[in-house]
Structures are given as C-alpha cells and as structure tokens.
Participant: 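My questions will all concern the structure given below.
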Amino acid sequence: EELRMSGAESVVWACTSGSFVHGWEGAQEQVRTLAVTAGMPASSTSFAFVHAAKEIGAARVAVAATYPDDVAGLFADFLRAGGVDVRQVRGAGIVTAAEVGTWGEEEVFALAREADSHDAEAVLLPDTALHTATHIQALEKELGKPVLTANQVTVWEALRLTDRRVNAPAMGALFTREPIVQV
C-alpha cells in the first residue's frame, strides 16, 4: 500500500538467485504474490533477463555468473524455460553477495570474456550484488555484443511494466535499441 501511495506504478523484485532457483513456475508464483500484495504490475530480475534478451533480439546467450556452477546452471535452465538458448555458462564459484561486492572491473571483465561464446548474441551477468553499471558500455565494446546485467535489466523491467522507454547509452544496448517487433 505504501508503494501505491507513493506513486509507484510497478514493482520489480531485485533478486536473481532467490527467484530462478525455484524454477519457472516457482518464480511466477513469487511474482503473482508480489503483484497481488502490491496491487500493481510486478516482476523479478530473473524474468527481466528473459524479457530483455528478447527485447534486443538475442535468442542465443552466454551466461557469466558469479555463482557456483550448480546455481549458474539453474539460471541457464530458467532462461531456457523462457525460450532463450543458452550457449555457454561460466560460474565463478562465489557463494556470498559480500564477496561479489568486492569485485572490480578486472574481475568483471575476466568473467565476461571467459563466458562469452562466438555464437552468443549477448552476454548475461546475473548477480544483483555485482557492480556493473559503470562497465556496461566498455564491456559491450570489448565483447562486440550487448551485455545484460542484473541491476540494468531490473530497472529496464520496471520501465517496461509502465510502458516507458529511456534512452541511456551509458546503460548499454538495452537502453538504446528500438524494441523488436514480432510479426
């Protein structure tokens, strides 16, 4: 109710592993509960990745996850359930958000490069604790393809739910491309 009264028009749960580890159906139930409780359109970072990949026309992706391999695999399974073809997955073996938060540019770039696949149309970095906002443009330039990060897609998803578009080149291709029109 406080969200509605403050003027919010949508709510997105900024959590990746807390949703995708429950699978597609479990994550959908979480979002349904959030929408009913908040009384407005709702989503999660996990669903935002699926929607964002489709928005930029990236049918094939590579996943650069800070998570342990088994958790990174669950994220890939979630993406596949959403119709995204995952070509490669690289887990970094980190368990805590606190450790992820200590990563700098060097570690972020190394993980993205290791995960990239020549046939992937985008690289996804799915950890909301990973500091990536200032690196998105440089990552895209280095990899030569769009890069989708957890906090970036979360903000984009909130805007998408309210039918708003923002042109923000510093936030990468997701915030500069026209939507793909399905025929």
Side-chain angles (χ1 to χ4, degrees), residues 10 12-21 27 43-68 71-76 78-80 82 84-117 120-161 164-177 179-180:
S10 68
V12 180
W13 181 28
C15 181
T16 42
S17 62
S19 59
F20 70 71
V21 297
S43 190
S44 71
T45 302
S46 298
F47 286 113
F49 271 109
V50 172
H51 298 149
K54 291 178 180 180
E55 175 77 7
I56 63 170
R60 298 179 312 274
V61 303
V63 173
T66 57
Y67 313 124
V71 177
L74 291 173
F75 180 64
F78 184 88
L79 294 171
R80 289 181 185 110
V84 178
D85 181 3
V86 179
R87 293 301 173 107
Q88 182 156 291
V89 180
R90 169 75 166 92
I94 296 178
V95 177
T96 68
E99 185 178 352
V100 170
T102 66
W103 275 31
E105 181 177 1
E106 185 177 326
E107 293 89 352
V108 171
F109 275 69
L111 179 62
R113 280 190 300 269
E114 290 169 11
D116 192 15
S117 170
E121 298 165 320
V123 175
L124 283 53
L125 288 100
D127 193 327
T128 54
L130 189 61
H131 301 281
T132 57
T134 59
H135 308 304
I136 295 171
Q137 275 187 316
L139 280 165
E140 289 186 339
K141 184 176 180 181
E142 180 167 323
L143 299 175
K145 60 186 71 172
V147 172
L148 300 176
T149 72
N151 295 320
Q152 169 210 38
V153 301
T154 301
V155 170
W156 176 84
E157 182 80 340
L159 294 167
R160 184 188 72 79
L161 289 172
R164 289 186 170 82
R165 299 278 174 202
V166 175
N167 184 10
M171 295 305 295
L174 180 62
F175 279 87
T176 58
R177 290 189 172 191
I180 303 297

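Computation of the quantities below employed the complete heavy-atom set of this structure, encompassing side-chain atoms and omitting hydrogens, waters and symmetry-equivalent molecules.
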Participant: Can you tell me how far apart CZ (Arg113) and CZ (Arg90) are? Round to the nearest 0.5 Å.
Facilitator: 12.0 Å
Participant: Starting at OG1 of Thr132, measure out to CG of Leu111 and round the result to the nearest 0.5 Å.
Facilitator: 11.5 Å
Participant: So does Val147 get a backbone contact from the side chain of Glu140, meaning a donor-acceptor N/O pair under 3.5 Å?
Facilitator: yes
Participant: Looking only at heavy atoms, which two atoms of Lys145 and Ser117 are closest? And how far apart?
Facilitator: NZ-O, 2.9 Å
Participant: I need the minimum non-hydrogen distance between Ala120 and Val61, along with the two atoms involved.
Facilitator: CB-C, 3.7 Å
Participant: Phe49 vs Phe75 aromatic rings, parallel, tilted or perpendicular, using cut-offs 30° and 60°?
Facilitator: perpendicular
Participant: Under 4.5 Å between any side-chain heavy atoms of His131 and Val108, yes or no?
Facilitator: no
Participant: For a quick test of reading the model, state the closest non-hydrogen atom pair linking Val89 to Ala72 and the distance between them.
Facilitator: CG1-CB, 3.7 Å
Participant: With side-chain contact (heavy atoms from CB on, under 4.5 Å) as the criterion, how do Val155 and Phe175 come out once you've worked through the C-alpha distance, each side chain's angles and the decisive distance to 0.1 Å?
Facilitator: CA-CA 10 Å; Val155 170; Phe175 279 87; 4.3 Å; yes
Participant: Take Thr176 and Asn167 through the test side-chain contact (heavy atoms from CB on, under 4.5 Å) and record every step on the way to the result.
Facilitator: CA-CA 5 Å; Thr176 58; Asn167 184 10; 3.6 Å; yes
Participant: Given 3.5 Å as the limit, does a donor-acceptor pair link the side chain of Thr66 with the main chain of Ala92, or not?
Facilitator: no
Participant: Would you indicate whether the side-chain heavy atoms of Phe78 and Val84 approach each other to under 4.5 Å?
Facilitator: no
Participant: Please give me the minimum heavy-atom distance between Leu130 and Asn151, naming the atom from each residue.
Facilitator: O-ND2, 4.0 Å
Participant: Quick check against the 3.5 Å criterion: does Ser43 have a side-chain atom that pairs as donor or acceptor with the backbone of Trp13?
Facilitator: no
Participant: A side-chain contact here means heavy atoms from C-beta on lying under 4.5 Å apart; do Leu148 and Ile56 qualify?
Facilitator: yes
Participant: Less than 4.5 Å apart, side chain to side chain, heavy atoms only: is that true for His135 and Thr149?
Facilitator: no
Participant: For a 4.5 angstrom cut-off between non-hydrogen side-chain atoms, does Arg165 reach Trp156?
Facilitator: yes
Participant: State, with a plain yes or no, whether a side-chain heavy atom of Pro126 is found less than 4.5 Å away from one of Tyr67.
Facilitator: yes
Participant: If you take all heavy atoms of Ala14 and Thr45, which pair is closest and at what distance?
Facilitator: CA-OG1, 3.3 Å
Participant: Taking the side chain as every heavy atom from C-beta outward, state whether Glu157 and Arg160 have any atom pair closer than 4.5 Å.
Facilitator: yes
Participant: Just so I know, are the side chains of Leu124 and Leu79 near enough to count as touching, which here means a heavy-atom distance under 4.5 Å?
Facilitator: yes
Participant: Please round to the nearest 0.5 Å and tell me the distance separating atom CE of Met171 and atom OG1 of Thr134.
Facilitator: 9.5 Å
Participant: Determine whether a donor-acceptor pair (N or O, by modelled atom type, separation under 3.5 Å) exists between the side chain of Glu121 and the backbone of Ala53.
Facilitator: no
Participant: Considering all heavy atoms of both residues, which atom of Ala64 and which atom of Val123 are nearest to each other, and what is their separation?
Facilitator: CB-CG1, 4.2 Å
